[in-house]
Enquirer: 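Structure in structure tokens, see below.
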Amino acid sequence: MGKSWSQSGNHFVLHQRIIKRNVLLNVDKKCDMRRRIKNIGRKRRERGNMLVLGSVVLAIVGLGLLIGYSYGGLVFTHNRLQGSADEIALAGARKLNENDRIGQMNNMVARARQLVMESQLHLDKVQSDFPQLQSIAQEQLDEAQDCALELDQQRSYLKGLATGESIVAMEKKFDQIKGQYPMSLPWLKVGSPSLNKMRLGFLENVETNVEELKNIQELEDHDEAKGYIKNSPGLKLYKQGESKYLPAPNESIHFYMSSLAAPVEKTVSPAHIVLSKAYQKLDYPVIPTCTQVEITLKVGTGLGGNANQDMKVESAAAATGASPPQ
Amino acid sequence: MNINKRKRILGRKKSGSAMTEFSGAMIIFILFIFAPLLNIGILPVRYLIAHGIISEMAHRMAVCEKRTEAQKLLKNNSWWTNLLSACGVTVKNPDAQLVIVDKGNSKSNVSINAILPNDKLPNGSGGPFMYSIQLSADCDISPLFNAGAGLPGFTSPVTLHLSSQAQWENLGRNPETTLYYINE
């Protein structure tokens with residue numbers, strides 16, 4: 001019995017030990033499991049970190065490239081805007097000397113001037129040599145003077161007409177073009193262009209289309225003395241700008257002639273774009289023969305706070321040159 | 001050493017090794033993926049800018065009154081090369097030519113300094129002609145991080161021959177000399 005108790009007691013102890021060991025093993029297993037789970041989590045987090053960082057870096061690279069491309073787009077837009085400005089300036093310039101109206105006006109002014117001078121010389125001659133014909137000579141002179149004054153008025157009218165038509169042509173061209181610009185992309189925002197300035201003037205180093213008129217020596221000497229003629233190996237042309245006044249008593253009549261490319265051996269200069277700096281503003285009340293426009297366009301890269309700006313371009317164009325005189 | 005202390009040491013070691021591995025990986029990532037990607041990606045941007053500026057210069061030359069003025073503009077104006085230089089593009093051997101296209105669409109190139117023969121002038125026998133100024137240059141387009149040598153595009157500049165054409169505008173004649181402006 002005692003043995004059996006003792007045996008059963010040992011068995012109990014053994015049983016207790018086994019239970020304890022099993023409990024400990026279970027605890028170890030649980031700890032091990034927890035540790036494993038923890039490690040897996042950590043590994044996952046580490047891999048997740050790389051993925052996030054990689055994505056961030058790629059996003060930064062992508063953003064940088066997008067900004068770069070948007071600036072490339074600005075250059076492209078600038079060239080496009082320059083082309084539009086050229087078109088507008090050229091449309092206005094073509095209108096200025098339509099049907100050679102300025103060239104013909106210049107020729108008429110020069111001939112009216114010659115007529116007044118000749119009539120005055122006739123009157124002077126008649127007064128000394130044939131006094132009985134003085135009234136007729138005076139009448140001729142009055143008529144020539146009236147003609148010159150009337151022509152000056154017509155010239156002013158033509159100036160207004162050519163200027164107005166040129167401006168309308170430029171505005172019309174601008175209206176055709178402006179709708180093509182607005183664009184909103186994530187990396188490039190382009191607004192609507194605005195036509196800031198439309199100026200009318202003349203082209204530097206271009207004199208009038210009128211050659212020095214011969215046959216009246218007194219007039220030639222007077223023009224030479226006053227420096228109205230541009231001396232060059234080629235054509236001797238009247239200088240553009242200031243009034244080509246006649247000697248007394250006709251010094252009060254204005255004879256303005258515009259700057260316009262002269263025909264050379266029947267070659268007429270076509271309307272063309274010129275460097276903007278070659279444009280000159282008018283100092284005298286002459287008909288303009290050159291246009292200059294300034295267009296601004298609101299552009300932004302769409303990225304970055306200070307990336308918005310006004311893009312500005314200028315363009316100038318010269319009118320069609322004069323045709324050979326009829 | 002108690003368990004907490006041991007655990008702390010073990011923890012430090014683990015995270016430290018991760019940091020070391022991670023920083024190494026980052027360096028490799030930046031050097032071999034990020035930087036080359038950025039370098040190659042910036043090239044088209046610089047190409048676009050270079051092409052735009054060359055086009056602008058060709059346009060300015062084409063609207064000059066005389067051909068000699070266009071030559072002077074190319075010779076004396078360094079704004080475009082300076083601007084391109086600021087954008088990471090080095091301009092070498094800039095050259096301008098006059099391109100003449102006749103009514104049969106055949107094209108001939110003439111040096112900007114050459115005098116046109118009479119049959120190539122606007123009133124010439126083969127006319128009418130279209131004249132254009134063609135500006136070309138060898139452009140070294142640098143990557144963003146330029147090592148100066150190595151693989152072109154990734155670590156060293158790529159050399160591209162860029163050219164742009166603009167139509168010659170002034171087809172008139174100079175009344176002072178009676179010559180065509182295009183031939184002066």
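Protein chains get the first letters and strands the later ones, always in sequence-line order, with residue 1 at the start of each.
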Enquirer: Once you round to the nearest 0.5 Å, how far does CD of B/Glu65 lie from CG of A/Leu203?
Expert: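 Rounded to the nearest 0.5 Å, the CD-CG separation comes out at 5.0 Å.
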Enquirer: Are more than 12 heavy atoms, taken from residues, nucleotides or ligands other than B/Lys75, located less than 6.0 Å from that residue's NZ atom?
Expert: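 No, NZ of B/Lys75 has 12 or fewer neighbouring heavy atoms, counting only those of other groups under 6.0 Å.
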Enquirer: What residue in A/Asn209, A/Thr267, A/Val206 has the most heavy-atom pairs under 4.5 Å with chain B?
Expert: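 Winner by heavy-atom pair count: A/Thr267.
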Enquirer: With only heavy atoms counted, which part of A/Lys230 is less than 4.5 Å from chain B, the side chain, the backbone, both or neither?
Expert: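 The side chain, not the backbone.
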Enquirer: With A/Lys312, which residues qualify under salt bridge (Lys or Arg N to Asp or Glu O under 4.0 Å), at least two apart?
Expert: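 Partners of A/Lys312 by the salt bridge (Lys or Arg N to Asp or Glu O under 4.0 Å) criterion come out as none, since no residue qualifies.
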Enquirer: Any chance OH of A/Tyr181 has more than 12 other-residue heavy atoms, nucleotides or ligands included, within less than 6.0 Å?
Expert: yes
Enquirer: For atom CG of B/Asn76, is the number of surrounding heavy atoms from other residues, nucleotides or ligands below 6.0 Å larger than 12?
Expert: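 Enclosed: over 12 neighbouring heavy atoms sit under 6.0 Å from CG of B/Asn76.
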Enquirer: Restricting to non-hydrogen atoms, name the atom on B/Pro175 and the atom on A/Leu237 that form the minimum distance, rounded to 0.1 Å.
Expert: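 Closest pair (atom of B/Pro175, atom of A/Leu237, distance): CB-CD1, 3.7 Å.
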Enquirer: How close do A/Pro270 and B/Gly172 get, heavy atom to heavy atom, and via which atoms?
Expert: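 Heavy atoms of A/Pro270 and B/Gly172 come nearest at CD-N, 4.1 Å.
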Enquirer: Step through the shown structure and confirm whether more than 12 heavy atoms of other residues, nucleotides or ligands are within 6.0 Å of CD1 on B/Ile30.
Expert: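 Yes, the 6.0 Å shell around CD1 holds more than 12 heavy atoms from other groups.
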Enquirer: Which bit of B/Tyr180 is near chain A, if near means a heavy-atom gap under 4.5 Å: side chain, backbone, both or neither?
Expert: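 Answer is side chain: those atoms of B/Tyr180 sit under 4.5 Å from chain A.
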Enquirer: Look up atom CD in B/Gln167 and atom CG in A/Asp86, then write down how far apart they are to the nearest 0.5 Å.
Expert: 11.5 Å
Enquirer: Could you grab the distance from atom NE2 of A/His78 to atom CD1 of B/Ile53, nearest 0.5 Å is fine?
Expert: 10.0 Å
Enquirer: Of all heavy-atom pairs between A/Val75 and B/Gly52, which one has the smallest distance, and what is that distance?
Expert: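 What the structure gives for the nearest pair is CG1-CA, 3.4 Å.
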Enquirer: Once rounded to the nearest 0.5 Å, what's the spacing between atom CG of B/Asn123 and atom NZ of A/Lys266?
Expert: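 Separation between the atoms: 12.5 Å.
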Enquirer: Between CD of A/Gln82 and NE2 of B/His59, what distance do you get to the nearest 0.5 Å?
Expert: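 Nearest 0.5 Å value for the CD-NE2 distance: 5.0 Å.
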Enquirer: What residue in B/Leu171, B/Asn170, B/Thr178 has the most heavy-atom pairs under 4.5 Å with chain A?
Expert: B/Asn170
Enquirer: Of all the heavy-atom pairs spanning B/Glu169 and A/His272, show the shortest one and how long it is.
Expert: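 Closest heavy-atom pair between B/Glu169 and A/His272: O-CB, 3.4 Å.
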Enquirer: Hey, could you give me the CG/CZ distance between A/Leu275 and B/Arg60, rounded to the nearest 0.5 Å?
Expert: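 It is 8.0 Å, given to the nearest 0.5 Å.
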Enquirer: Against chain A, label B/Glu176 side chain, backbone, both or neither, depending on which of its atoms sit under 4.5 Å from a heavy atom there.
Expert: both
